[in-house]
Visitor: 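Below is one structure. I have some questions about it.
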There are 2 protein chains.
Amino acid sequence: MATAQQLFHERGYDAVSVADVTDALGINPPSFYAAFGSKAGLYQRVLDYWTDTEAIPLADILRPDVPVADAVAAMLEEAARRYAFNPAAGGCLVLEGTRCNDDDAREAARALNLGAETFIHDYIAARHPEAADQVTDFVATTMSGLSAKARSGHDLSRLLATARLAGSVLTQVLPA
Amino acid sequence: MATAQQLFHERGYDAVSVADVTDALGINPPSFYAAFGSKAGLYQRVLDYWTDTEAIPLADILRPDVPVADAVAAMLEEAARRYAFNPAAGGCLVLEGTRCNDDDAREAARALNLGAETFIHDYIAARHPEAADQVTDFVATTMSGLSAKARSGHDLSRLLATARLAGSVLTQVLPA
DNA sequence: GGCATTTTGTAATGGTTACTACAAATAGAT
DNA sequence: ATCTATTTGTAGTAACCATTACAAAATGCC
C-alpha cells in the first residue's frame with residue numbers, strides 16, 4: 001500500500017498504469033483485481049491509507065487555545081514542509097488527485113479535500129464567523145498553489161517563504 | 001485555432017485526443033498532421049496564439065509609474081477575472097498546461113510560464129531588489145492556486161476576494 | 001479539355017490502456 | 001496422501017491512443 005501511494009504521489013493518478021502497480025508490487029493483474037477491484041478502487045484505498053498515515057494532523061494544529069491566525073499560519077508552514085519533503089513526490093497527494101482525468105478518482109480526492117476545507121472553515125468560523133469564507137478560500141488556494149509549485153521544482157525554503165508571506169495576511173485579517 | 005485553444009482550455013492537454021480536434025475542426029487526420037505535425041505541435045501553436053490574443057498584458061499592468069505593490073495586486077485581480085471568465089474553461093491555459101503528462105507540451109507551457117515569472121521578477125526587482133525573489137514566488141504560487149481553484153468551481157467573486165487578500169500582503173512587504 | 005499536383009477520406013498500424021478467461025500450480029484439510 | 005479450494009501466471013480482449021499508407025477526388029495549369 002505504501003509503494004502504491006508512492007507511485008501515485010510521484011507520477012499522479014493518470015500517469016500510473018496498473019502494469020506499473022503490478023510490477024512494483026510483484027503481483028499479476030488477476031491478483032490486483034481480486035484485491036482492489038479496479039485502479040480507482042486501489043486509489044480509494046491509498047487515499048484512506050494516506051489519511052491515516054501522512055495527512056496533516058489538522059486537529060492537532062488548529063487548536064482552540066492558540067490564536068486562529070497563528071494556527072492557520074502554522075498549518076500553511078506545515079503544508080510547505082510536507083509538500084517539499086520528498087522532491088521526487090512533491091505536493092499533496094490529494095490536491096494533485098483532484099486534478100486527474102479519471103472521474104471516480106477525481107471525485108474521491110475532491111471529497112477528501114472538501115472535508116479538510118470544511119474542517120478549516122469551521123475552525124475559523126468559531127471565532128471569526130464573518131471572515132471564515134474568505135479566509136478559507138484564501139488558505140485553500142494558497143495550499144493548492146504550494147502543491148503545484150512543489151511539483152514544479154520549488155524547494156523547501158521557497159515554499160516556506162511563500163507560506164510565511166501568506167500567513168502574514170492572516171494576522172492582519174484575523175486579529176487575536 | 002481558437003476552437004483548438006478552447007478544447008485544450010476546457011479539458012486540458014491530456015484529455016483532448018487528436019480525434020477530438022479533427023472532429024471539432026471538421027478535418028481528417030492527414031490534414032491535421034500536414035498542418036501541425038503532431039498534437040504537441042498544435043499545442044505550441046495554440047500557446048503562441050494565446051500569447052497574442054488572451055494572455056494577461058503584463059507590460060500594461062506592471063507600469064513603472066504606479067507603486068509596485070498596486071501593480072502586482074492589480075495583476076492578481078486581473079488573473080482572477082480571466083480565470084473565472086469562462087466557467088467551462090476555468091483557470092489559465094498555460095498554468096494548467098505545465099501539469100500535463102506529455103513531456104513536449106509540458107516543457108512548452110513551462111517555458112512560457114517561466115518567461116512571465118521572469119518578467120514579474122524583473123519588474124519587482126527594479127524597485128525592491130531584496131524582496132523580488134520571495135514576492136515573485138508568492139505571486140506565482142497564488143496564481144497557480146487561483147487557476148486550480150477556478151477549475152474546481154470557485155466563481156469570480158471568490159477568486160477576486162482571494163486575489164485581494166493576497167494583494168494585501170504586497171502593500172505590507174513592498175512599501176511605496 | 002487533359003495532365004499533374006495537391007488535397008481529402010478511408011482505413012489501417014502499432015502501441016498502450018484497463019481488465020479477464022483459463023489453465024497450471026499451490027495450499028489446506030482430513 | 002488425496003481431494004478440494006484458492007491463488008497464481010500466461011495470455012488475451014476490446015477499446016482507445018497518436019500517427020500514417022494509400023487511393024479517390026478535387027484542384028490548378030496550359
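Labels below follow one simple rule: chain letters A, B, ... track the order of the sequence lines, proteins then strands, and each chain is numbered from 1.
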Visitor: Can you check the Asn101(B) CG to dA18(D) C1' distance for me, whole Å?
Guide: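 Value for this atom pair: 15 Å.
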Visitor: Are a donor atom and an acceptor atom from the side chains of Ser17(A) and Asp20(A) found within less than 3.5 Å of each other?
Guide: yes
Visitor: Please give, in whole Å, the distance from dA18(C) C1' to Phe32(A) CZ?
Guide: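 Going from CZ in Phe32(A) over to C1' in dA18(C) covers 9 Å.
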Visitor: Between dA18(D) atom P and Tyr43(B) atom OH, what is the distance in whole Å?
Guide: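 Rounded to whole Å, this separation is 15 Å.
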Visitor: What nucleotide among dA11(C), dC19(C), dA18(D) has an atom nearest to a side-chain atom of Ser38(A)?
Guide: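 Nearest nucleotide to the side chain: dC19(C).
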Visitor: If I take atom CZ in residue Phe36(B) and atom C1' in nucleotide dT20(D), what distance separates them, rounded to the nearest angstrom?
Guide: 17 Å
Visitor: For the pair Arg82(B) and Glu54(B), find out whether any cationic side-chain nitrogen is under 4.0 Å from an anionic carboxylate oxygen.
Guide: no
Visitor: Asp20(B) has an atom CG; how far is it from atom C1' of dT19(D), in whole Å?
Guide: 15 Å
Visitor: Does the distance from a Lys or Arg side-chain N to an Asp or Glu carboxylate O, for Asp48(A) and Arg45(A), drop under 4.0 Å?
Guide: no
Visitor: Hey, can you tell me if Tyr13(B) and Phe8(B) have their rings parallel, tilted or perpendicular (30° and 60° cut-offs)?
Guide: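 Ring orientation of Tyr13(B) relative to Phe8(B): parallel.
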Visitor: Which nucleotide in the set dT20(D), dT8(D), dA18(C) lies at the smallest distance from any side-chain heavy atom of Pro30(B)?
Guide: dT20(D)
Visitor: What is the distance, rounded to the nearest whole Å, between atom NZ of Lys39(B) and atom C1' of dT20(D)?
Guide: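 Whole-Å distance recorded here is 17 Å.
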Visitor: So Val16(B), base contact, sugar-phosphate only, or nothing? Heavy-atom distance under 4.0 Å.
Guide: sugar-phosphate
Visitor: Find the distance Leu42(A):CG to dA18(C):P and express it as a whole number of Å.
Guide: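 My rounded result for the distance is 11 Å.
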Visitor: Closest approach to the side chain of Tyr33(A), judged atom by atom: which nucleotide of dT19(D), dA18(C), dA11(D) is it?
Guide: dA18(C)
Visitor: Which residue, Pro29(A) or Ile27(B), contacts DNA chain C at a nucleotide closer to its 5' end, judged by nearest heavy atom?
Guide: Ile27(B)
Visitor: Could you tell me the separation between the CG atom of Asp104(B) and the P atom of dA18(D), rounded to a whole number of Å?
Guide: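 That distance rounds to 14 Å.
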